[in-house]
Asks: 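First the structure, then my questions, so here it is.
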Amino acid sequence: MTARKAKAWLPELEELIAAGREEEFYSWGQWRRLRKDVIEKLDNNECQLCKAKGRFRRGNILHHVKHLQDRPDLALSVWDPDTGERQLITVCKDCHEAQHPESLRQFRPAKPPVTVERWD
């Protein structure tokens with residue numbers, strides 16, 4: 001992607017991140033096309049983290065190695081131009097959750113139990 005094209009979408013993405021609405025980025029047409037191409041054509045629908053461990057697992061999530069909030073300039077880049085390493089990789093749900101433990105919510109009961117007796 002050229003620098004000229006990047007300037008068109010980067011300010012908008014930075015505004016979304018500043019407003020805490022970065023999830024809207026994932027509905028952009030550019031992201032959806034890139035996601036499909038990387039998962040299907042580059043990574044052959046395989047989780048790259050499982051593959052590195054010698055296992056095969058189907059991947060369906062495109063993961064930003066450097067988080068979107070930290071490096072919005074790499075949001076639509078498969079490769080990091082600074083390091084030459086992959087910036088976007090296909091991962092399975094379990095590997096993605098392992099990469100983002102902060103996103104796992106701990107659900108607590110909305111109300112305390114009616115009685116002291118518990119069945120769980």
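Start at 1 with the first residue, then count along the sequence. As the structure is a prediction and not an experimental result, all values here were calculated from the model.
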Asks: What heavy-atom pair brings W9 and L76 nearest, and what distance separates the two atoms?
Replies: CE2-CD1, 3.7 Å
Asks: Using every non-hydrogen atom in the two residues, find where V38 and L88 come nearest and quote the distance to one decimal.
Replies: CG1-O, 4.3 Å
Asks: Going by the angle between their ring planes, with limits at 30° and 60°, are F25 and H64 parallel, tilted or perpendicular?
Replies: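 The rings of F25 and H64 sit tilted, inter-plane angle from 30° to 60°.
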Asks: Which heavy-atom pair separates L13 from P72 by the least distance, and what is that distance?
Replies: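 Answer, listing the atom of L13 first, then P72: CD2-O, 3.6 Å.
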Asks: At what distance, to the nearest 0.5 angstrom, does CG of L62 lie from OH of Y26?
Replies: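 Separation between the atoms: 9.0 Å.
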Asks: Report yes or no: do L42 and I89 belong to one cluster of Ile/Leu/Val/Met/Phe/Trp/Tyr joined by side chain heavy-atom distances under 4.5 Å?
Replies: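 Shared cluster, no.
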Asks: In sequence, state the C-alpha distance, the side-chain angles, and the governing distance for K66 and D80, and then conclude on side chain to side chain contact (heavy atoms under 4.5 Å, CB included).
Replies: CA-CA 9 Å; K66 294 181 180 167; D80 182 343; 2.2 Å; yes
Asks: Can you hop from L74 to L34 via hydrophobic side chains spaced under 4.5 Å?
Replies: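 In one cluster with L74: L34, no.
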Asks: Where the side chain of Q48 meets the backbone of E46, is there a donor-acceptor pair that is under 3.5 Å apart?
Replies: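 Looks like yes, one N/O pair under 3.5 Å.
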Asks: Restricting to side chain to side chain donor-acceptor pair (under 3.5 Å), what partner residues turn up for E15, sequence neighbours left out?
Replies: none
Asks: Taking all non-hydrogen atoms of both residues into account, name the closest pair between R57 and C50 and its distance.
Replies: CB-SG, 3.8 Å
Asks: Between V78 and L49, is there a shared hydrophobic cluster once you connect ILVMFWY residues whose side-chain heavy atoms come closer than 4.5 Å?
Replies: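 Different hydrophobic clusters.
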Asks: Rounded at 0.5 Å granularity, tell me how far CD1 in I61 sits from NE2 in H96.
Replies: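 Answer for the CD1-NE2 pair, I61 versus H96, is 5.5 Å.
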Asks: Write down the atom of R35, the atom of N60, and the distance for their closest heavy-atom approach.
Replies: NH2-O, 2.5 Å
Asks: Which distance, rounded to the nearest 0.5 Å, do you find between the NE2 of H63 and the SG of C47?
Replies: 10.0 Å
Asks: Suppose we screen for side chain to side chain donor-acceptor pair (under 3.5 Å). Which residues come up paired with Q69, at least two apart in sequence or across chains?
Replies: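 Listed in chain order: E22.
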Asks: What verdict does the salt bridge (Lys or Arg N to Asp or Glu O under 4.0 Å) test give for D37 and K41, after you've listed the backbone C-alpha separation in whole Å, the side-chain angles of each residue and the deciding distance to 0.1 Å?
Replies: CA-CA 5 Å; D37 286 347; K41 297 177 183 170; 3.6 Å; yes
Asks: With the 4.5 Å side-chain cut-off for hydrophobic clustering, are W79 and W31 part of the same group?
Replies: yes
Asks: If you measure from CD on E23 to CG on L68, what distance do you get to the nearest 0.5 Å?
Replies: 10.5 Å
Asks: Name all residues meeting the side chain to side chain donor-acceptor pair (under 3.5 Å) criterion together with N44; count only those two or more places apart in sequence or in a different chain, and write none if there are none.
Replies: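 N44 satisfies side chain to side chain donor-acceptor pair (under 3.5 Å) with no residue once adjacent residues are dropped.
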